[in-house]
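As structure tokens, the structure follows; a few thoughts come after it.
Just so we're clear, the structure is a prediction, and the values are computed from it rather than from any experiment. Letters go in sequence order (proteins before strands), and every chain restarts at 1.
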Amino acid sequence: MATLSSRRRPKPRETLAAAAVLCAILTLAAWLLTTQARFSPAVTIASLAATAGSALAPAAEPAGAPASPRPPDLLAAWPAGLRPLGPAEQFSPETLSDKIDGKAELYLPAGFVGLRCQRLGLDGNLQSWFEAYVYDMGQPDQAYSVYSSQKRSVTQETAVGDFSYRAANQLCLVHGHFYLELIAADEGAAAGRATDAFAAAFVAATPVTGPTAAARDAALFPREGLVPNSVMLLSTDVFGFDRLNHVFVARYRHNGDEVTLFLSRRASAAEAAELATALRGFLVDDLGGRELPASANVPGVLIDAGGVYDGVFTSGRFLAGVHEATSAAAAERWLARLQTAVTAPPP
Amino acid sequence: MKPPPPIPPTADMNRRDFLQRSVRAGGAIALTGGLAAWLWDRRRPGQSHREPAVASVPDFSLRDGGRPLAIVMGRDRAAMLRRGLDALGGIGRFIRPGDRVLVKVNAAFATPALLGATSHPDLVAELVRQCLGAGAAGVAVTDNPINDPESCFMLTGIGPAVAAAGGRLHVPRASDFTSGSVAGGRLLRNWPILQAPLRGVTKLIGVAPVKHHARAGASMTLKNWYGLLGGRRNQFHQDINGIIEELAMLVRPTFVVLDGTSSMMANGPTGGSLADLKPTNTMILGTDGVAVDAFGATLLGRTAADLPYLARAAARGIGTVDFATLNPIRESA
Amino acid sequence: MKITTARRIAQIFFFALFVWLTVVATVGTGWSQWRGWPIAWFLQIDPLVALGTVLTTRSLHPPLGWALLTIVLTILFGRVFCGFICPFGALHQFVSWLGWRGRTARDRIAANGYRPAQAVKYYLLLVLLIAAAGNLPFALLQIGWLDPMALLHRSFNLAVLPAADLGLERLHPGGRLYQGALWVGALLAFLLLLNLILPRFFCRILCPLGALLGIIGRLAPWGIGKTAAKCTECSLCDVACEGACNPMGPIRTSECLMCMNCLDTCVPAEPLGYVPRPSAGGEITAFGVSRRGFVAALAGGLAAAPLARLGGSTKSAWPAGLVRPPGSVAEEEFLARCLKCTACIRVCPTNTLQAAGFAHGWESIWTPVLDNRIGTSGCQLNCVACGHACPTGAIRPLTLEEKFGIGDFAAQGPIRIGLAAVDRGRCLPWAMQRPCIVCEENCPVTPKAIHLSAVEEPVRDASLPLVAIDGAVVQVGGPPLPPGRLATGDYAARLPGEPLSRRIVANTSNTLTLDAEPESAGDGDLPTDGKVDILVRLQRPVVDPERCIGCGICEHECPMTGLRAIRVTADNETRSANRGVLLKASF
């Protein structure tokens, strides 16, 4: 056959036809290569089941319960490249622990209203999916409270929503009365971009009444010696005292002093004064502290709580003080600094 | 194999031929595309668009305010039937000239009439004659038995009796069943129902014996409508009271005849021994199947309370369990 | 470049692509896994698949729209699919080349002449298509026996790849087992060996797709033909003619595979060309089909479906063991769609999907059926691979929501493929007083479809004479006990006069240590005679038919390795309206 065929020289038209065949093959190959990157749903589902474990399994529904309507997606329109990997889930105060288990104890006392979650992913990149948790905390203060009280120590500030930071694989932010945690499956840049895109889209698409008024009080803390990311808004049972709520706390480390300062704006000066008395009573009567003699350069009272020192004073509507200072002298120093900061607020 | 056609091709012919071929090819491509667009499946595979049909059996009940219940004592079924019909106002009250009548018998088993598992042929034959005598244009008799239909109609004697009386036997075929639902029902949804013999029918009569039934307690006129169901109806034994209730909702007959001349007291619904039977010498006729069955229960030594489906059917407004309130006329033949 | 060179490149490309698409057909995102590869593409471009399913279902399943491309190519250029694209054709051409390499030109010219037997493929096509053309209960799709794409996929999936992977386990850790692989492989080998009798035997004589393309290809405006009468009738065009279409004489247009070899071998005046007009040597457009043969094929096709269905395999005599993968449509439509291509079987991650043998009815041969003993597990809860692999919609592509019956599918409930039933005569705790409950533990459904019924039963030779009680230690008489035998935590002892049993925590040959002192021990009036009953505490599995989805994981895990003590049948499967077990009540 070879000997027979070798004699012929192809005509130009034949070469053209052969070239057309090869071009068609190349086109097909190109299409195949692009299409193989768009994963089959079977592959996507299997990969998700592998990464997300049993989370994709059907939720146990009580027998005979009427089928609950499917909650809407977290966003009505998805940013380019982002797509939901599953239906949205919705949790009420009664069912919150089904989703986040024991951590519900942190959200429930802070006024938790509802949680919506959804798994989101990038087109064509199954490794970089993330899950968005949108907590409706009812009030901006309460959103800030759960935000601040869980803030990780190593963070990178970001500028989305009212308050936000990125820590390792998660992006956390406060937007009005919403607290969002966007937890990615890995720490890759793609996942980071995806969470940023979702956060921006969520903030843009969700109108809220504005940032918390209380958060500006956090700015009153002295700057010097402040441990980064240590400002928190505690909602209830602050320092174990059941009447003390809605208190900003901040940790300080400066020249060998280690103290916690606290600050709370009350409804009136009278309430602040009454609460200060009650707190003193709690520290002395209930915890067995010893009140130190009053001193001219110490506002309010100073209490020796068994080797650590607590102080409390009021300034107008503010209740403020130090908590667990390592020495009486340090407690005095920081009480004075805090008083200055609170009574002469910066413009 | 034809020899090659001798063609001395010219350039002109070649061009014309190529044009012809091209047009043909273009047409074929267009046709293929059109067919594909027409056949393009926009539904999912396996998806059907069947909407459940509702209320497939017409309402045959009379609401003429006439006497609803008659109880006849005796031993001769034909005489008892005639007596009972007279007590209710005569066959003319129910059957008008020109009516097309369907009689639903119980022919469930291929057993002889004397074992009492099926409607008695004497009774069925007399009923057919009565209807025809009242001027009915035609009387058909049917059932969807549990055993083989042909054998059932033959061995029970119903088939020959009907033919002798001038009626027509309707032996169900697969195509006689169409899907139907009962309005307000929860079990009879889109279920195959023996509807073909009902076509054109103006009067419907049920004829059943009094039988013990291991699952339902008793099988009488309401349970008798089970024979209008097709499909895998044995599933209904998972909720027997529910299905009898829905059968009572589905089928509203002109009147029913409950034959307690002898009653099957045990080993129902098949029986199989004369020892299972007891002469109870009673026939109940009525327009209220619930009341008829409630009385029939007493023949088995039971009360209506022993048969939950009666109260459930009554709660649906189909009849009354308390048959005494209907002032049944009592006769003997 | 010569067109035959382009053809060889195309054939190598498409054959390699075919192998690649079968190799990658395992669920995963690795470079040699499914990802987004269109693993059923060769089936989708197959016009016989499209036409066959259009006839059986009266609709064109959208993924099969690719076949239009092949049809258009064929209408324009003739059977280029056979010559350039078909991987099975390429394989036959290669084997023929190997087999006929050393033969003389005279031998090859003789072998490549037209034979009346080439009409057989038209008869086969006719039988297959007529059988498919009935209305749904009688639509019989059996093209998969001979359709080259389905046949080649099946051969690779069930025989070639698993055999090549034996011992290597590169494609599947643990390897794959396929019942009936021998016959699938033997059929392939047989068809390939036929090339030694006649080059491209399958393509010329058997291939129903080739027949279909031959019919369509008659419309092509261009074709191989003689340009002028300068032909010396040297017959050299037949030396390498793949289709046996007689290019020298009156050419059999519907037999020409567009291999273009004749252009290469035509010497010296080159009267042969690819021309936009009928061959100057004449054309024979008839298929060589005789009237008698046509009528016989027609009758065969007409009779096939009713005869096949007379067995009742889609009606009351349906095979209970024929458990179809989740998403399968109801059996009659399933059989009207399934090609026997085994794509679903190939992608099944657990190997539990098998090609049915004749045991489930000859019509179902090579269709997918679950065999829970063979695979590495049963049907996986979070897997929907088979439906997404199926090119024809015999298995629908599911979402997990639909499979679980949640969200938008809450009203339908979960998809059930069958129902597990405990064989109480074989089950260890039911029949043999041995604790087990492996099936319950492995049930993946939430809440579990298998629950447990706890009982306490006397064991064999259960009553031992009581000798003494010392605290929690009870001394017994009778034959010596195997030490430790009763200490597994599953055994309990009931002392005379005590209503409740107590767990045995240890035993020697003649003592039992209980988990607490018997109540009567403190009373001072210890029983000194009587019998101690030895009891075993058993939990017996009970299946809840409302919850069971028929996945077969319980069956796979059951320790009765031969005939399992819990087995799944297709009863209660949701795809069939008439196979339900439970009374459905709608509220």
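For A/Trp31 and C/Trp66, the ring centers are positioned less than 6.0 Å apart.
The shortest distance between side-chain heavy atoms of C/Phe13 and A/Leu26 does not fall below 4.5 Å. Annotation: side chain of C/Pro38 is in contact with side chain of A/Leu32 (closest heavy-atom distance under 4.5 Å).
Closest of all the heavy-atom pairs between C/Ala385 and A/Ala42 is CA-CB, 3.6 Å. Taking both residues in full, the closest heavy atoms of C/Gly28 and A/Val43 are given as O-CG1, 3.4 Å, listed atom of the first, atom of the second, then distance. Between C/Ala10 and A/Val21 the shortest heavy-atom distance is CB-CG1, 4.3 Å. When all heavy atoms of A/Ile45 and C/Leu398 are compared, the pair lying nearest together is CD1-O, 4.3 Å. Residue C/Arg35 comes nearest to A/Ala37 through the heavy atom pair NH2-CA, 4.4 Å, listed as atom of the first residue, atom of the second, then distance. Of all the heavy atoms in C/Thr29 and A/Phe39, the pair that sits closest is CG2-CE1, 3.6 Å.
The environment of CD in C/Gln412 is crowded: more than 12 heavy-atom neighbours from other residues, nucleotides or ligands sit within 6.0 Å. Annotation: A/Tyr165, atom OH; neighbour count of heavy atoms from other residues, nucleotides and ligands within 6.0 Å is above 12.
Expressed to the nearest 0.5 Å, how far CD of A/Gln36 lies from CG of C/Leu21 amounts to 11.0 Å. Atom CZ of A/Arg13 is separated from atom CD1 of C/Ile3 by 11.5 Å, given to the nearest 0.5 angstrom.
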Quiz prompt | Worked check of side chain to side chain contact (heavy atoms under 4.5 Å, CB included) between C/Phe84 and A/Ile25 | solution = CA-CA 11 Å; C/Phe84 283 65; A/Ile25 289 175; over 6 Å; no
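A donor-acceptor pair is defined here as one N or O able to donate and one able to accept, closer than 3.5 Å; such a pair exists between the side chain of A/Thr15 and the backbone of C/Met1.
In terms of non-hydrogen atom pairs under 4.5 Å with chain C, the most contact-rich of A/Leu16, A/Thr34, A/Thr35, A/Leu33 is A/Thr35.
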